[in-house]
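In what follows, chains are A, B, ... by sequence order, proteins preceding strands, each numbered from 1. Worth knowing before you read on, the calculation uses all heavy atoms, side chains too, and leaves out hydrogens, waters and symmetry mates.
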Amino acid sequence: MFAALSEKHEHKKVLPDLEGAENGVVMRFAPNPSGPLHIGHARAAALNDAYIKQYGGRYILRIEDTDPKRVDPEAYEMVVEDLKWLGLGITDTVTQSDRLHLYYELCTQLIGRGGAYVCTCDNEQFKELKNKKIACPCRDQSVETNFVLWDKMLTHGFKEGEASVRIKTDLLHPDPAMRDFPAFRILDAPAHPKVIAHVYPLMNFSVVADDHLLGVTHVIRGKDHIANTRRQRYIYDHFGWKVPVYRHYGRMGIEGVVLSTSQMRLGINDGTYTGWDDIRLGTLRALARRGISPEAVRNAMLAIGIGDTDISFSWDNLYAENRKIVDPVANRYFFVADPVTIVIHAAPHLTTHALLHPADEKRGVRTLVFTGAVSIPAAELERKDRAMFRLKDLFNVTVERDRGRPHLTYAGDSLADARAAKAPIIQWLPVADQIPCTLRTQEGDIAGVCEPAVRSELGKVIQFERVGFVKIDAVNDSGIVAYYTHK
RNA sequence: GCUGCUAUAGUGUAGUCCGGCCAAUCAUGCGGGCCUUUCACGCCCGCGACUGGGGUUCGAAUCCCCAUAGCAGCACCA
């Protein structure tokens, strides 16, 4: 019992401890609703989730849609679906466009505290002053003046670009990015799909407001936010609020798939990709379609952890995690790629049975009936050095070549003979009992045939013996469509 | 350029805070073997790393300095 306990404990402690998390945590995942979630999002989503499971607490999904230019109305639902698929313990969901009034209210307070001012300078002009560490004229306005201007902003008294609210920071800060950064701006167009608004908060303001309002204790996000964290501290200081604990993980390079939302959308629109779940894309729905399990994604992300070093994402590692999950459950079938029909001379007609899973007899068998001719992968027949092979679960076959043309003859049932001859054991299908199967891979389609029984595996991951794991994507009159998962 | 951050095998990761038990962990990958009616799974063996240079110390992957490399930010994006 002790052993079990300690083992469990060790297993849990894959991630480093979080400071001040002993009494539980409140954390959040805060995506932009611009498209479906991809592997990059999965890291933040899974890491936060793991800590909440470790320490207990609430997990807030906060949809950050304060920039109407970067909102895809369909993405709200996609994000929720994707997180549901990932299997996270989200406890609360908030959408920032529903909360504009809260941000306005807090901004009014902040102006009252002298922590922010309304700036009506030309943008370029302000930038120039900022770079010279000089205050713009608006900075010294009285609180009363700022209230008047803020009210004018909210009541459409300004047009886009004419006024913004800036946070007072340190104009002498060595990093220009810290100096009096903006908190609200005016946007005339495009219209926000969810709310009628004219004044929008910038990310740094709405994030602080919400993290405070929602009681967020710990924030885990990418290091691209390090500068934002520093900026946000100024807002916390103005309000006198408690600052959450931050962790910024390093950049994760992902090769082999498309991740850019705009590039994906472009490709979908021009027909390059079939949709958001096209397997050449790095979206979670594409992984799902290929037969990668959500648990494997989570495990792979946890194994990567929260290090601040830049890393390259390894598909091999993800596949290894997935194999652990999928191997025990995937039924086995034969798939013959690029099939050639062969006739085996002097062979008895017989019926054979093969296990659905080699480690679990209880799952049953599939039945294959041999009546003289079978399909095998063309590649197996092309090998000139091959004098014998064994049709798996059937019998041995000798190959003689007459001016390159193979002549195949039955060579007994003995498995021991096949072993002694080091004959490969290959998959095959009865000519009379097979259905077309297209195997889709990221590199392209492979035409082949498979066992008709595969029809019953729609939506599941199975293993095509000697080929790899595949997900059965479609079953229809013209046959089967399977997506290649991994070896 | 400015402001920061980081540097352990092919990849990911532990160890770094509080120097010795680290001739450096685990996983993945690769090579070999066993098992097996799959090139899967399982098991066994092997390969492979502390970025470089100084310094502190009896002792450095661990602390300090310099160099190099990589990354992030420098938006009225998130």
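- A/P358 comes within contact range of at least one nucleobase, with a heavy-atom separation under 4.0 Å.
- In this pair, A/F313 and A/W315 present their aromatic rings perpendicular. The plane angle is above 60°, beyond the 30 to 60° band.
- Using a 4.0 Å cutoff to heavy atoms of chain A, the contacted part of RNA chain B runs 5' to 3' from B/C2 to B/A78.
- Listed in residue order, the members of residues 199-208 of chain A having a heavy atom less than 4.0 Å from RNA chain B are A/P201, A/L202, A/M203.
- When both distances must be under 3.5 Å, the Watson-Crick or G-U wobble mate of B/G10 is B/U28.
- Between A/Y117 and the choices A/T145, A/N146, A/D180, the side chain to side chain donor-acceptor pair (under 3.5 Å) rule is met once, by A/D180.
- Residue contacts shown for A/S34 are absent, as no nucleic acid heavy atom lies under 4.0 Å away.
- Note on A/E64: only backbone sugar-phosphate atoms sit closer than 4.0 angstrom, heavy atoms only; bases stay farther off.
- In this structure, A/N123 reaches the bases: a heavy-atom distance under 4.0 Å links it to at least one base atom across the strands shown.
- Contacts of A/D393 with the nucleic acid, taken as non-hydrogen atoms under 4.0 Å apart, include base atoms.
- Residue-level contact check: A/R332 touches the bases, meaning some heavy atom is under 4.0 Å from a base atom.
- As judged by a 4.0 angstrom heavy-atom cut-off over every strand, A/D67 is placed among residues touching the sugar-phosphate backbone only.
- B/U3 and B/A72 make up a base pair, with Watson-Crick or G-U wobble contacts both under 3.5 Å.
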